[in-house]
Amino acid sequence: MKKFKTHIMIFLGVLLFLGYHSALLQDRSSKEYYSWLKVHQDEIVRSQKKQKILLEKDFKFNGLEIIIVSEGEKYYSWWGHILLRLVGSGNDNPDEDLVISFLADFNDFPLNKLKAGLGGYEVMVKTDTLAQYKKEYMEKEHRTMSYSTLISTAEQNSRLLSTIRTWILNPKTPGLYSFFFKNCVGLMNHLLYEARILKQTGFYGYFPKYVISSYKNSGIIK
C-alpha cells in the first residue's frame, strides 16, 4: 500500500511537471496560432511605442486615476481588470493620456493555465492611450470602465513613475505574474506601495470589483 501511494505521488508529480512545462503541447502551425501571434506582437509593439514616451526625461503627468473595467465573457476576465491612468500626460487631450495595466506576457498557445495560475510568465507593463483602452474594452468587448481619482502627492507620483520605468526596463523586477497570487490587482497594490501611496500590500480588494471600496477605506480614493 505504501509503495502504491508513492507511485501515485510520483505519477501526479510527473503530470504536474508536464502540465507546467508543456512546450511539446504547444501549437505553432495552425491558423489560430498565427492569428493569436499577430495580435500579441501588435500589442507588444504598440505598448513599446508608448513606453518610449513614458521613459522620456521630460515626461509629465498631473495626477492618477484608477480605472475599473467590468467583467468580460472570457474566463480570465470574469473578475474585471484594473488600470492606472496618468492624468494630464496626453498633452491636453484626455483620450491621449497614457494608461498602465499589468498582464502576463504569454508566450504559449494555447495558454498554459497551470503555469498562468501558479506563476510562470513575466509581467507585461501594458502601456497605451485611454482611447485605445476604450476601443479594446468598451467597443470590442462591450465592457464598462469606471474612474476614481487617486489621492497622491507630487513626490509619490515621482516614485510611482520611477517604479514603472524600472519594471518596463527590467520585467523580472516585479516577479512572475500569477492569476492566484500576483494578478493585476496584486501588482497595482505593489506599485502603489512602492510609491508609498498605499501603506501596506496584501489582499487589498484582490479582485478588481472590490478595489475601490478597499482603497476608499484606506483613504487613497476621493
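What you are looking at is a predicted structure, and each value in this text was computed from that prediction instead of being measured.
One hydrophobic cluster, built from ILVMFWY side chains closer than 4.5 Å, holds both Leu86 and Ile221. Val125 and Val185 fall within the same hydrophobic cluster, where Ile, Leu, Val, Met, Phe, Trp and Tyr residues are linked whenever their side-chain heavy atoms come under 4.5 Å apart, directly or through other members. By the criterion of side-chain heavy atoms lying less than 4.5 angstrom apart, applied directly or through intervening Ile, Leu, Val, Met, Phe, Trp or Tyr residues, Leu130 is not grouped with Val87; the two fall into different hydrophobic clusters. Hydrophobic clustering keeps Val99 apart from Leu161 (ILVMFWY residues linked when any side-chain heavy atoms are closer than 4.5 Å, directly or through intermediates).
A donor-acceptor pair under 3.5 Å is formed between the side chain of Ser89 and the backbone N or O of Leu98. A donor-acceptor pair under 3.5 Å is absent between the side-chain atoms of Ser148 and the main chain of Ser146, judged by distance alone. Remark: side-chain polar atoms of Gln156 are not paired, donor with acceptor, to backbone N or O of Ala195 under 3.5 angstrom. Side-chain N or O atoms of Thr166 include one that pairs as donor or acceptor with a backbone N or O of Ser162 at under 3.5 Å. Remark: the backbone N or O of Thr129 is not paired with any side-chain donor or acceptor of Gln132 at under 3.5 angstrom. Counting only distance, with no hydrogens or angles, the side chain of Thr127 and the backbone of Ser47 share no donor-acceptor pair below 3.5 Å. A donor-acceptor contact shorter than 3.5 Å is absent between the side chain of Ser35 and the backbone of Lys31. The main-chain N or O of Thr144 is found under 3.5 Å from a side-chain atom of Ser70 such that the two form a donor-acceptor pair.
The minimum heavy-atom distance between Leu187 and Trp167, with the atom names listed, is O-CH2, 3.7 Å. Considering every non-hydrogen atom in both Tyr210 and Ser213, the closest pair reads O-OG, 3.0 Å.
You'll find the side chain of Ile44 reaches within 4.5 Å of the side chain of Asp105, heavy atoms only. Two residues are said to be in side-chain contact when any heavy atoms from C-beta on lie closer than 4.5 Å; Lys182 and His190 fail this criterion. The shortest distance between side-chain heavy atoms of Tyr215 and Asn189 falls below 4.5 Å. With contacts defined as side-chain heavy-atom distances shorter than 4.5 Å, the pair Leu191/Ile100 does not qualify. In this structure the side chain of Leu176 never reaches within 4.5 angstrom of the side chain of Tyr121, judged on heavy atoms. In this structure, the side chains of Cys184 and Pro208 come closer than 4.5 Å at one or more pairs of heavy atoms. Inter-residue side-chain proximity for Val123 and Pro171 is flagged as unmet; no heavy-atom pair is nearer than 4.5 Å.
Atom CZ in Arg196 sits 7.0 Å away from atom CD in Glu155 (nearest 0.5 Å). Note that NZ of Lys49 is 8.5 Å distant from NZ of Lys52, once rounded to the nearest 0.5 Å. Between the CZ atom in Arg143 and the CD atom in Glu71 there is a gap of 8.0 Å [rounded to 0.5 Å]. Note that CG of Leu83 is 10.5 Å distant from CZ of Phe102, once rounded to the nearest 0.5 Å. Summarising the geometry, atom CD1 belonging to Ile168 is positioned 11.0 Å from atom OG1 belonging to Thr163; distances are rounded to the nearest 0.5 Å. Going from atom CD1 of Ile220 over to atom CG of Leu150 covers 5.0 Å, rounded to the nearest 0.5 Å.
Not counting sequence neighbours, the partners of Asp95 by the salt bridge (charged side-chain N to carboxylate O under 4.0 Å, His left out) test are Lys134. Every salt bridge (charged side-chain N to carboxylate O under 4.0 Å, His left out) that Arg46 has, sequence neighbours left out, goes to Asp128.
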Can I get a per-line list of side-chain donor-acceptor pairs under 3.5 Å for residues 53-69, giving both atom names and the distance, sequence neighbours left out?
{"residue": "Glu65", "atom": "OE1", "partner": "Arg85", "partner atom": "NH1", "Å": "2.8"}

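Counting non-hydrogen atoms of other residues, nucleotides and ligands closer than 6.0 Å to CG of Asn91 gives a total of 12 or fewer.
Using a 4.0 Å cut-off between a side-chain N of Lys or Arg and a carboxylate O of Asp or Glu, Glu122 and Lys172 qualify as a salt bridge.
Taking the six-membered ring for Trp and thresholds of 30 and 60 degrees, His81 and Tyr137 have ring planes inclined between 30 and 60 degrees apart.
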